[in-house]
Amino acid sequence: MTAGFDSVLNGARILPVLTVPDPATAGPLADALAAGGAQCAEVTFRTPDAEQVLQAMAAHGGLTVGAGTVVTTEQAERAVDAGAAFVVSPGYDEEVVARCRALGVPVVPGVATATELIRALRAGLDTVKLFPAEPLGGLRTLRALAAPFPGMRFVPTGGIDASRLPSYLTDPAVLAVGGSWMATPAHLERGEYAEIRRLTAEAVERSTP
């Protein structure tokens, strides 16, 4: 039986969402995130070398690393081969969900409507990604969607920054919050690992009761 996403998070409520153009930055990035207190990270499949980045960060040992922006079963297979401990998708696709479950990794599909939430329930899932959270209406929309589905947990992602983080984390339907503000491509391009560490530590502190 596939473990749930909550067991992967192991209590963490912050999920850095990473777009990493240069695999050479993967090691220093993992160091900075771990030093800031992050326990998990999501490497998006938005760059040609995403697999290499994922593999390097997974080998770091200080983080539980998964793959994001996975939209095909082939990407899911490549991600798991590269060491992904979980898979996140921007939308709901039955084939991706089924393949991840067959591969034995937790999958967190993106939803934006009640219809997609019903499909997730029918598939036996208990955690989904609300995406893009802020453009959809933020916490107000999340609460409206969560009300008819009391057993579902949400990982809102998309447009969330440090200032909006605390309000999301106070909602009982929110399992964790994903965000890219802690480690942007611009930070990586400039080699600002100390800033990545600082922003991560700040986010982790805000997420701790």
Side-chain angles (χ1 to χ4, degrees), residues 5-6 8-21 25-26 28-47 50 53-54 57 62-70 84-91 106 108-112 127-143 145-146 153-190 192-209:
F5 188 55
D6 56 344
V8 172
L9 289 173
N10 194 29
R13 303 199 69 202
I14 298 296
L15 182 64
V17 178
L18 313 170
T19 300
V20 186
T25 65
L29 173 58
D31 287 338
L33 292 170
Q39 296 174 241
C40 303
E42 172 188 329
V43 175
T44 64
F45 265 52
R46 299 182 186 181
T47 63
V53 171
L54 199 158
M57 294 192 70
L63 297 166
T64 300
V65 184
T69 322
V70 173
F86 58 90
V87 169
V88 181
S89 179
V108 184
V111 302
T127 305
V128 293
K129 166 181 172 172
L130 179 65
F131 180 81
E134 281 296 302
L136 284 173
L139 191 55
R140 183 177 177 182
T141 296
L142 188 150
R143 286 172 174 161
L145 285 172
R153 306 296 299 281
F154 293 80
V155 182
T157 308
I160 301 172
D161 58 20
S163 67
R164 293 178 171 87
L165 177 64
S167 60
Y168 278 97
L169 291 174
T170 60
D171 193 283
V174 173
L175 178 64
V177 174
S180 59
W181 80 90
M182 292 160 275
T184 67
H187 287 135
L188 295 173
E189 185 178 352
R190 295 191 293 261
E192 295 176 343
Y193 299 106
E195 179 67 359
I196 291 172
R197 183 175 66 249
R198 184 190 72 78
L199 290 170
T200 303
E202 179 185 79
V204 170
E205 183 177 1
R206 289 188 176 196
S207 72
T208 304

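A distance of 10.0 Å separates OG in Ser180 from NE2 in His187, rounded to the nearest 0.5 Å. Atom OG1 of Thr157 is separated from atom CG of Leu130 by 8.0 Å, given to the nearest 0.5 angstrom. Distance check, rounded to the nearest 0.5 Å: CG of Leu29 to CE of Met57 gives 4.0 Å. Once rounded to the nearest 0.5 Å, the distance linking OG of Ser207 with CG of Leu15 reads 11.5 Å. Here the NZ-CG distance, from Lys129 to Leu175, works out to 14.0 Å after rounding to the nearest 0.5 Å. In this structure, Glu42 CD and Thr64 OG1 are separated by 13.5 Å, a value rounded to the nearest 0.5 Å.
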Next on the checklist: One pair to check against side-chain contact (heavy atoms from CB on, under 4.5 Å): Leu165 and Trp181. What are the steps and the verdict?
Outcome noted: CA-CA 11 Å; Leu165 177 64; Trp181 80 90; 4.1 Å; yes
Item to check | Steps toward side-chain contact (heavy atoms from CB on, under 4.5 Å) verdict (Thr69, Thr19) | outcome: CA-CA 10 Å; Thr69 322; Thr19 300; over 6 Å; no
Next on the checklist: Could you walk me through whether Asp6 and Thr127 satisfy the side-chain contact (heavy atoms from CB on, under 4.5 Å) test, starting with their C-alpha distance in whole Å, then the side-chain angles of each, then the deciding distance to 0.1 Å, before giving a yes or no?
Outcome noted: CA-CA 8 Å; Asp6 56 344; Thr127 305; 5.8 Å; no
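Side chains of Phe154 and Asp171 form no contact here, defined as non-hydrogen atoms less than 4.5 Å apart. Between Val177 and Arg13 there is no side-chain heavy-atom pair separated by less than 4.5 Å. No side-chain heavy atom of Leu136 sits less than 4.5 Å from a side-chain heavy atom of Leu145. By the 4.5 Å heavy-atom criterion applied to side chains, Val20 and Thr47 are not counted as neighbours. You'll find the side chain of Asp31 stays beyond 4.5 Å of the side chain of Tyr193, heavy atoms only. You'll find the side chain of Phe45 reaches within 4.5 Å of the side chain of Leu54, heavy atoms only.
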Distance-only criterion, 3.5 Å: show the donor-acceptor pairs between side-chain atoms of residues 194-202 and protein atoms not counting sequence neighbours.
| residue | atom | partner | partner atom | Å |
| --- | --- | --- | --- | --- |
| Glu195 | OE1 | Arg198 | NE | 3.0 |
| Glu195 | OE2 | Arg198 | NH2 | 2.8 |
| Thr200 | OG1 | Ile196 | O | 2.7 |

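For Pro16 against Cys40, the heavy-atom pair with the smallest separation is CD-O, 3.1 Å. Nearest heavy atoms, Gly158 versus Pro135: O-CD, 3.7 Å. When all heavy atoms are compared, the tightest approach of Ala12 to Ala176 is O-CB, 4.1 Å. In plain terms, the two heavy atoms of Thr170 and Arg143 that are nearest each other are OG1-NH2, 4.3 Å. Shown here for Gly159 and Glu134, the closest heavy-atom pair between the two residues is O-CG, 3.3 Å. Between Ala133 and Tyr168, the shortest heavy-atom contact is CB-OH, 3.9 Å.
Remark: side-chain polar atoms of Ser89 are paired, donor with acceptor, to backbone N or O of Val70 under 3.5 angstrom. A donor-acceptor pair under 3.5 Å links the side-chain atoms of Asp161 to the main chain of Arg164, judged by distance alone.
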